[in-house]
Amino acid sequence: MQENDLTARSAFFLIRAKKAKFPDDARYGLIVTKKTFKHAVDRNRAKRLLRDWIAFNEKFLRDDLDYVFIARRAILETDRESGRTAMKKALYFLRKQEINA
């Protein structure tokens, strides 16, 4: 990922997006580090929440972008609905950001 990649921040996660190498085969990745989440159970919960929020807002993901979702510590203190709303806002922000670029 480069400096000119699209970025959206939330209290729960950070999203970085860039043009997909293969436009019809866009991908996404999750980063949940041991430095941020000491226990495996916390890392697994953070990944599970991110996957749920991504699946719920899949219609807002673009086919021509690759996404990287980076979990933040606050993800463990939120509920499912707040996370889904935050994901929707962040993906909408990315879309708006690319239109303006």
Side-chain angles (χ1 to χ4, degrees):
M1 297 271 170
Q2 302 294 326
E3 283 295 319
N4 57 357
D5 293 342
L6 302 173
T7 305
R9 289 178 169 82
S10 165
F12 315 126
F13 54 83
L14 174 80
I15 303 175
R16 308 253 344 235
K18 72 174 195 170
K19 291 283 182 195
K21 191 171 186 178
F22 304 104
D24 293 336
D25 190 26
R27 305 165 294 174
Y28 73 85
L30 305 176
I31 297 178
V32 183
T33 64
K34 214 179 227 189
K35 183 177 179 181
T36 306
F37 303 93
K38 299 292 182 204
H39 302 287
V41 68
D42 293 337
R43 290 192 298 276
N44 292 338
R45 177 164 166 70
K47 287 186 270 188
R48 210 169 33 250
L49 286 169
L50 282 173
R51 283 190 202 108
D52 176 67
W53 301 344
I54 293 166
F56 185 78
N57 292 297
E58 192 170 6
K59 60 187 169 271
F60 298 111
L61 294 175
R62 301 216 4 222
D63 290 338
D64 60 336
L65 292 176
D66 286 338
Y67 296 90
V68 175
F69 298 89
I70 305 167
R72 290 184 168 175
R73 186 77 189 150
I75 198 170
L76 298 177
E77 281 88 44
T78 189
D79 61 292
R80 179 180 274 176
E81 289 306 313
S82 299
R84 287 178 172 180
T85 303
M87 182 68 70
K88 181 178 179 180
K89 287 180 182 178
L91 292 172
Y92 180 73
F93 178 78
L94 284 178
R95 184 171 290 220
K96 198 166 69 168
Q97 191 177 21
E98 187 182 38
I99 291 171
N100 294 336

Could you report the tightest heavy-atom contact between [X] and [Y], atom names first, then the distance?
X: A46; Y: L76; value: N-CD2, 4.3 Å
X: F12; Y: S82; value: CE1-O, 4.1 Å
X: A17; Y: L94; value: CB-CD1, 4.3 Å
X: T33; Y: I31; value: CG2-CG2, 3.8 Å
X: A90; Y: A8; value: O-CB, 3.7 Å

query = Is the closest side-chain heavy-atom distance between R16 and Y67 below 4.5 Å?
reply =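 The answer is no; the side chains never approach within 4.5 Å.
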
ask   = With a 4.5 Å heavy-atom cut-off, do F69 and W53 have their side chains touching?
value =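 They are not in side-chain contact.
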
request  = Compute both the distance and the angle, then confirm whether K59 meets the cation-pi test with F56: under 6.0 Å from the six-membered ring centre, within 45 degrees of the axis.
outcome  =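 Relative to the ring axis of F56, which defines the angle, K59 lies inside both limits.
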
query = Could you walk me through whether K47 and N44 pass the side-chain contact (heavy atoms from CB on, under 4.5 Å) check?
reply = CA-CA 5 Å; K47 287 186 270 188; N44 292 338; 3.8 Å; yes

request  = Using modelled atom types only, decide if a donor and an acceptor are shared between the side chain of R43 and the backbone of F37 within a distance under 3.5 Å.
outcome  =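 Checked: pair present.
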
task = Verify, without hydrogens or angle tests, whether R72 (side chain) and S10 (backbone) share a donor-acceptor contact under 3.5 angstrom.
result = yes

query = Mind checking whether V68 and L14 sit in one hydrophobic cluster, side chains of I, L, V, M, F, W, Y counted as touching below 4.5 Å?
reply =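 Linked within one cluster.
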
task = Scan L49, D42, V41 and name whichever one has a side-chain contact (heavy atoms from CB on, under 4.5 Å) with R45.
result = L49

Trace of the side-chain contact (heavy atoms from CB on, under 4.5 Å) decision for L30 with I54 = CA-CA 11 Å; L30 305 176; I54 293 166; 3.9 Å; yes

ask   = Crowded around R80 CZ? As in, over 12 foreign heavy atoms under 6.0 Å?
value =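 Open.
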
message = Could you check whether atom CD of E77 has more than 12 heavy atoms from other residues, nucleotides or ligands sitting under 6.0 Å from it?
response = yes

Inter- and intrachain pairs under salt bridge (charged side-chain N to carboxylate O under 4.0 Å, His left out), touching residues 20-30, at least two apart =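 For residues 20-30, and leaving out neighbouring residues, the salt bridge (charged side-chain N to carboxylate O under 4.0 Å, His left out) pairs sorted by first residue read R27-D66.
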
request  = Evaluate side-chain contact (heavy atoms from CB on, under 4.5 Å) for M87 paired with F13, printing each intermediate quantity in order.
outcome  = CA-CA 9 Å; M87 182 68 70; F13 54 83; 4.0 Å; yes

key: Set of side chain to side chain donor-acceptor pair (under 3.5 Å) partners for R48, sequence neighbours left out   =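 Testing R48 for side chain to side chain donor-acceptor pair (under 3.5 Å), a comparison that skips the adjacent residues, returns none.
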
